[in-house]
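Following: one structure in structure tokens, then a few remarks.
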Amino acid sequence: MSSPAINLLFTLFSFLIFSISSSSLAPSQTKKPTTVQTLNVPAAEIKMVNPKLPPRSLSLTSSKRYEGSSDLVHLRYHMGPVLSSSPINIYVIWYGRWSRPHKALIRDFLNSISDAKAPSPSVAEWWRTATLYTDQTGANVSRSVLIAGEYSDAKYSHGQHLTRLSIQEVIASASRSASFPVDHKNGMYLVLTSHDVTMQDFCRAVCGFHYFTFPSMVGYTMPYAWVGQSGKQCPEVCAYPFALPGYMGHGGPGALRPPNGETGVDGMVSVIGHELAEVVSNPLINAWYAGEDPTAPTEIGDLCEGLYGTGGGGGYIGQVMQDRGGKTFNMNGKGGRKFLVQWIWNPNLKACAGPNSVD
């Protein structure tokens, strides 16, 4: 998501772009029949669906997004660095109490980014769009991503309510305790908070954000991203479309089944993907973004928030896959894992793109 807030918007087909105020609730929409197209893979019993769903219960910013190409999206390069050194080293900080299965699910997603063996459409193919972004020397974002270190803070050393400022204290404490290296060239931190940790603006205005550390607090500058587990706080906002807005009551379509059976963590995976794509293409908030305000940039994930497949927009998430158990996904990962991850903006196509595109 774009720092400081993630954009949760829906767009119409073709060339229509619209904006929604960050404080407004999106109106409910009339349910329409789900469009279903069966894949020609009878053994796998997988079908393609493009369900019509209600919008999330709130929209977070007024930036624009579009599934097709558009001259109205002015994504520009502002001469800053991208994460081009290989591999990109991710230092994961698990804040709060995390179960082993939840950690394993997130690790599998991160390890899938560089796994070329996963069948198409894959997480690695999705990441290739991020690697199209370059710095002023022509160096591309790295294709290789590695979990370089982990630290667990199960004792909530900075309490169970965090702020944008105290997250830097969490990073400082973890980096000292885990003896993480000062990895200016290749590194970034990924701070993941458990379901019982609240964050300033979490659920109200953000599901995740990214920025960089302050030398005065951490001792040096390095990019980081934070993502919260929303399963018990606001799944209808941050784990959408696996949970639906409360205003739908019992009259709307059912929520989609998460691919790994974990509403909060499966939803979190897509937010993690969103943030990682934006960190590597805009690590110091001076590289790739749209808009004139660097304090609230519209980034490559923001432009495509809520789009997971071809034909997305206007309440449709796009064509995605469902297995015979009804679990919904749009890409394959390491060890047979499946994930539902939003698309990101392709600078060459000037459109949102993903590996499951049928265009």
Under the salt bridge (Lys or Arg N to Asp or Glu O under 4.0 Å) test, residues paired with [X] that sit two or more places apart:
X	result
D115	none
R76	E292
R257	none
D196	none

Under a single-linkage definition using a 4.5 Å side-chain heavy-atom cutoff for Ile, Leu, Val, Met, Phe, Trp and Tyr, are [X] and [Y] assigned to the same hydrophobic cluster?
X	Y	value
L276	I147	yes
V271	V123	yes
L146	Y189	no

Could you pull out the closest heavy-atom pair between [X] and [Y], with the gap in Å?
X	Y	result
M199	R164	SD-N, 4.2 Å
D323	F329	N-CE2, 4.1 Å
T134	Y77	O-CE1, 3.9 Å
S112	F339	OG-CE1, 3.8 Å
T310	S357	OG1-CA, 3.4 Å
M188	V279	SD-CG1, 3.8 Å

Taking side chain to side chain donor-acceptor pair (under 3.5 Å) as the test, write out the residues that go with [X], two or more places apart.
X	value
K338	N332
K103	S152
W94	E150
S173	H158

List the atom pairs, donor and acceptor, that lie under 3.5 Å between side-chain atoms in residues 81-93 and the rest of the protein, sequence neighbours left out.
{"from": "S86", "atom 1": "OG", "to": "S142", "atom 2": "OG", "distance (Å)": "3.2"}
{"from": "N89", "atom 1": "ND2", "to": "D183", "atom 2": "OD2", "distance (Å)": "2.8"}
{"from": "Y91", "atom 1": "OH", "to": "D183", "atom 2": "OD2", "distance (Å)": "2.8"}

Side-chain heavy atoms of [X] within contact of [Y], under 4.5 Å:
X	Y	value
F242	L340	yes
P258	K327	no
R128	R143	yes
M217	I171	no
F109	V341	yes
N356	Q319	no
K155	D153	yes
L105	H102	no

Euclidean distance, [Y] [atom2] relative to [X] [atom1], rounded to 0.5 Å:
X	Y	atom1	atom2	answer
T213	Y220	OG1	OH	6.5 Å
W226	Q200	CH2	CD	10.0 Å
M331	R337	CE	CZ	15.5 Å
M79	D135	CE	CG	9.0 Å
K47	R324	NZ	CZ	13.5 Å

> Do D108 and K334 pass the salt bridge (charged side-chain N to carboxylate O under 4.0 Å, His left out) test, and can you show the C-alpha distance, the side-chain angles, and the key distance before you say yes or no?
Replying inline: CA-CA 6 Å; D108 285 347; K334 188 179 181 67; over 6 Å; no
Sequence neighbours excluded, which residues qualify as side chain to side chain contact (heavy atoms under 4.5 Å, CB included) partners of [X]?
X	value
Q233	T198, F202, C203
A172	R176, V218
A178	Y151, F180

> Hey, mind stepping through W126 and I344 against side-chain contact (heavy atoms from CB on, under 4.5 Å) and telling me if it holds?
Replying inline: CA-CA 8 Å; W126 168 82; I344 54 180; 4.2 Å; yes
>> Here's a test for you: under side-chain contact (heavy atoms from CB on, under 4.5 Å), which of N330, L307, L256 qualifies with I317?
In response: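 Testing I317 for a side-chain contact (heavy atoms from CB on, under 4.5 Å) against N330, L307, L256 leaves exactly one candidate, L256.
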> In terms of ring plane angle, is the pair W288 and Y133 parallel, tilted or perpendicular, where the classes change at 30° and 60°?
Replying inline: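 Correct class here is perpendicular.
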> According to the interplanar angle, ranging from 0 to 90°, do the rings of Y156 and Y95 count as parallel (below 30°), tilted (30 to 60°) or perpendicular (above 60°)?
Replying inline: perpendicular
> Do L284 and T221 pass the side-chain contact (heavy atoms from CB on, under 4.5 Å) test, and can you show the C-alpha distance, the side-chain angles, and the key distance before you say yes or no?
Replying inline: CA-CA 9 Å; L284 301 181; T221 297; 4.0 Å; yes
> Any donor and acceptor pair, going by atom type alone, linking the side chain of D266 with main-chain N or O of E262 inside 3.5 Å?
Replying inline: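 Between the backbone of E262 and the side chain of D266 there is a qualifying donor-acceptor contact (under 3.5 Å).
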> Would you say the side-chain atoms of Q322 and T328 include a donor-acceptor pair closer than 3.5 Å?
Replying inline: yes
